[in-house]
Amino acid sequence: MTPSRTKEVIIIGAGLSGLACALELIKNGVSVQLLEQADAPGGRVRTDEVEGFLLDRGFQVYLDAYPNAGQLLDLAALNLKSFEPGAIIFEKGKRHRLMDVFRRPLSVFTSAFSPIGNIIDKALVAKLRFSLQFSSVEEIQQREDLSTEIYLKQFGFSDAMINHFFRSFYGGIFLENELRTSSRMFEFTFKMFTEGSATLPARGMEEIPRQLAARLPDGTLRCNTIVSEINAHEVTLSTGEKLSSDQLVLAVPSDAAQKLLPSLDLTIMKWRSVTNCYFAAPDSPLNEAIIALSGDPDSLINNVSVPSDLSSQYAPEGQSLVSVSILGLHDEPDFLSKVLSELTKWYGDQVTSWRHLRTDRIERALPEQTPATKPPAERAGGIYLCSDQHTTSSIEGAIISGQQTAKRILKQRSTGSV
Ligand SMILES: Cc1cc2nc3c(=O)[nH]c(=O)nc-3n(C[C@H](O)[C@H](O)[C@H](O)COP(=O)(O)OP(=O)(O)OC[C@H]3O[C@@H](n4cnc5c(N)ncnc54)[C@H](O)[C@@H]3O)c2cc1C
C-alpha cells in the first residue's frame with residue numbers, strides 16, 4: 001500500500017505530552033496528525049461516568065501552581081475545586097490533623113500539637129518551604145539528586161515525621177512509600193503543594209485532556225487508531241493503512257516506544273502501580289475537601305478522599321463518592337474485604353452501607369524516577385520521543401516534554417538540519 005501523506009508531522013499518542021506537542025506545532029503553523037489507540041484522548045488521565053458517578057482512572061490531582069500547564073490550560077474553564085492544604089492522618093486508631101499553617105493560620109495550634117512530628121520537624125517544614133520558594137523549577141532539576149528518604153534525613157527530619165507523614169503523603173504521590181524517588185521530584189512537588197492547591201476539575205480529571213483536544217483543528221485527532229510499525233517517516237496502522245510525514249513523534253512511554261522501534265535500545269523504565277477502589281456512600285465519611293492518610297506503616301490503604309465533597313458533580317444527588325488508593329497491584333481474593341475492614345477501623349459502622357462501584361488496577365501508572373534513573377533518549381532513529389518519563393512523572397512534566405519536543409521540531413524545520 002502506498003503511504004498517504006496528509007500532514008507535516010505525525011504524533012503517536014494523544015496523552016498530555018502528545019496533545020501539548022500537537023498544539024505547540026499547530027500554533028506555529030505546522031500541520032499535525034495525532035494518532036491514538038484508545039477511544040478518546042487523555043492517556044493516563046481519563047474519567048468514566050458510571051451510574052452517575054465520575055470515576056477518574058486512579059486518584060490523581062492537578063496542582064494549580066504548575067507553571068507550564070497553567071499557561072496552556074484555561075484553568076477557569078476547568079472550574080477547579082481545591083483540597084484543603086493539609087491532611088487528616090489516621091494513626092493507631094486516632095485521627096490527627098496536619099495543616100499547612102502558612103495557608104491555614106488558625107490551624108497552628110492543632111498542627112503544632114499534633115503528635116505527627118516534633119516541633120523541630122514543624123520548623124523544618126517552614127525552612128524547606130521558604131528555601132524552595134526562592135528556587136525555580138529549572139534550578140531544582142539541576143540540584144544534587146538523592147533518594148527522598150536520604151534527602152529528608154539529611155534535612156534533619158525525625159524518623160517519626162518521615163515514617164508517619166512523608167512516607168504516607170509522598171507514598172500517595174510517588175506511588176511508593178520507601179521514598180526511593182528522586183529528591184528533585186520531591187522538591188518539585190513540595191514547591192507545587194506549598195505554592196498552590198491540589199485540585200480536581202469539577203467534572204473530573206479527563207476535562208484536562210478534553211479541553212486541549214477541543215482546540216485541535218478538525219481531522220487532527222484519530223482515535224481507535226493503533227500504530228503497529230514505524231520507520232523514520234512512515235507509520236503502519238494495525239489495519240495495514242500507511243501514513244507518511246516529514247517528522248514522526250512517539251508521545252508514548254518508552255516501553256511502548258521500544259515495541260515500535262525493536263531495533264533500537266531505548267531505556268526501559270520500571271513502572272509503579274496503584275489499585276483504586278470506588279464506593280458509593282449515603283454520606284461523606286470526611287465531610288470536607290481533604291485527603292485522609294494512613295500513618296501506620298503496615299496499613300494496606302494509602303489514602304482516602306471524597307471527590308464529591310469538592311464537586312457535587314462527582315456523584316448523583318444525595319450520594320457521596322469515596323475514593324480509596326492502595327499502593328501496588330492487588331487482586332488477591334480477600335482484597336476487598338481487607339480494604340473494607342481497614343476502612344471500618346477508620347470510619348466505623350457507616351462503611352457497611354457503602355456500595356463497591358469499581359476497582360481499577362493501574363499497572364503502568366507512574367514511571368519510576370529514582371536518582372539512578374536515566375531518562376530515555378529524546379530522539380532515536382530520526383524519531384522524536386516525548387512523555388512524562390523525559391521530565392517529571394506528572395501532568396506538568398508531560399506537558400513540558402511535549403512542548404519541548406515541538407520546539408526541537410520547529411528548530412529542525414527552520415534550520416533544515418536533520
Ligand atoms: C493513577 C495515577 C495517578 C497520578 N497522579 C498524578 C497526580 O496526582 N498529579 C500529576 O500531575 N500527575 C499524576 N499522574 C501522572 C500523569 O497522569 C502522567 O504523568 C501523564 O498523564 C502522562 O502523560 P503522557 O502523555 O506522558 O503519557 P500517556 O498518558 O501514557 O500517553 C501515551 C498515549 O499513547 C497512546 N499509545 C501508546 N501506544 C500507542 C500505539 N501503538 N498507537 C497509538 N497510540 C498509542 C496511549 O494509548 C496513550 O494515550 C498520575 C498517573 C496515574 C496513572
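The structure displayed is predicted, hence computed values, not measured ones. Atoms within each ligand, like the ligands themselves, are counted from 1 in listed order.
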Using a strict 4.0 Å cut-off to heavy atoms of [X], name the atoms of ligand 1 that fall inside it.
{"X": "Gly13", "result": "33 (C), 34 (O), 35 (C)"}
{"X": "Phe59", "result": "3 (C)"}
{"X": "Ser393", "result": "19 (O)"}
{"X": "Ser387", "result": "26 (O)"}
{"X": "Ser394", "result": "10 (C), 11 (O), 12 (N), 19 (O)"}

Does Gly397 have a non-hydrogen atom less than 4.0 Å from ligand 1? no

At the 4.0 Å heavy-atom cut-off, does Ile173 count as touching ligand 1? no

Regarding Lys81 and the six-membered ring of Tyr314, is the cationic atom NZ or CZ under 6.0 Å from the ring centre and inside 45° of its axis? no

May I ask you to establish whether Arg379 and Tyr384 are in a cation-pi arrangement, using a distance under 6.0 Å from NZ or CZ to the six-membered ring centre and at most 45° from the ring axis? yes

Indicate, with yes or no, if the rings of Phe53 and Tyr278 have centres closer together than 6.0 Å. no

Shortest reach to [atom] by a heavy atom, considering only [options]:
{"atom": "atom 51 (C) of ligand 1", "options": "Gln60, Glu36, Gln37", "result": "Gln60"}
{"atom": "atom 41 (N) of ligand 1", "options": "Ile12, Ile11, Leu19, Val227", "result": "Val227"}
{"atom": "atom 36 (N) of ligand 1", "options": "Thr392, Val274, Val252", "result": "Val252"}
{"atom": "atom 21 (O) of ligand 1", "options": "Asp39, Asn224, Val45", "result": "Val45"}

Evaluate Arg57 for polar contact with ligand 1, using N/O atom pairs at a separation under 3.5 Å. no

Judging by distance only, is a nitrogen or oxygen of Arg364 under 3.5 angstrom from one on ligand 1? no

What protein heavy atom sits nearest [atom], and how far away is it?
{"atom": "atom 32 (C) of ligand 1", "result": "Ala251 O, 3.5 Å"}
{"atom": "atom 27 (O) of ligand 1", "result": "Arg44 NH2, 3.0 Å"}
{"atom": "atom 18 (C) of ligand 1", "result": "Asp388 OD2, 3.5 Å"}
{"atom": "atom 25 (O) of ligand 1", "result": "Ser17 OG, 2.8 Å"}
{"atom": "atom 31 (O) of ligand 1", "result": "Gly15 CA, 3.5 Å"}
{"atom": "atom 20 (C) of ligand 1", "result": "Ala398 CB, 4.0 Å"}
{"atom": "atom 9 (N) of ligand 1", "result": "Val61 O, 2.9 Å"}

Got a salt bridge between Glu91 and Lys94, using NZ or NE/NH1/NH2 to carboxylate O under 4.0 Å? no

Any donor-acceptor N/O pair, [X] side chain to [Y] backbone, under 3.5 Å:
{"X": "Thr47", "Y": "Glu206", "result": "yes"}
{"X": "Glu178", "Y": "Arg180", "result": "no"}
{"X": "Thr391", "Y": "Gly397", "result": "yes"}
{"X": "Ser168", "Y": "His164", "result": "no"}

Let's go through Ser393 and Gln369 carefully: what are the C-alpha distance in whole Å and the side-chain angles of both, what is the deciding distance for side chain to side chain donor-acceptor pair (under 3.5 Å) to 0.1 Å, and is it a yes or a no? CA-CA 8 Å; Ser393 46; Gln369 291 198 322; 3.3 Å; yes

Ligand 1 versus [X], non-hydrogen atoms closer than 4.0 Å: side chain, backbone, both, neither?
{"X": "Leu366", "answer": "side chain"}
{"X": "Ser401", "answer": "neither"}
{"X": "Tyr66", "answer": "side chain"}
{"X": "Asn276", "answer": "neither"}

Please say which of Asp56, Val322, Leu321 ends up in a side chain to side chain contact (heavy atoms under 4.5 Å, CB included) with Pro307. Leu321

Please indicate whether His330 has more than 12 foreign heavy atoms, meaning atoms of other residues, nucleotides or ligands, lying under 6.0 Å from its NE2. yes

In this structure, are over 12 heavy atoms from other groups packed under 6.0 Å from Glu332 atom CD? yes

Just do the side chain to side chain donor-acceptor pair (under 3.5 Å) check on Glu342 and Ser299 with the steps written out, would you? CA-CA 8 Å; Glu342 225 171 78; Ser299 153; 2.9 Å; yes

Verify the distance criterion only: is there a donor paired with an acceptor across the side chains of Asn302 and Ser325 at less than 3.5 Å? no

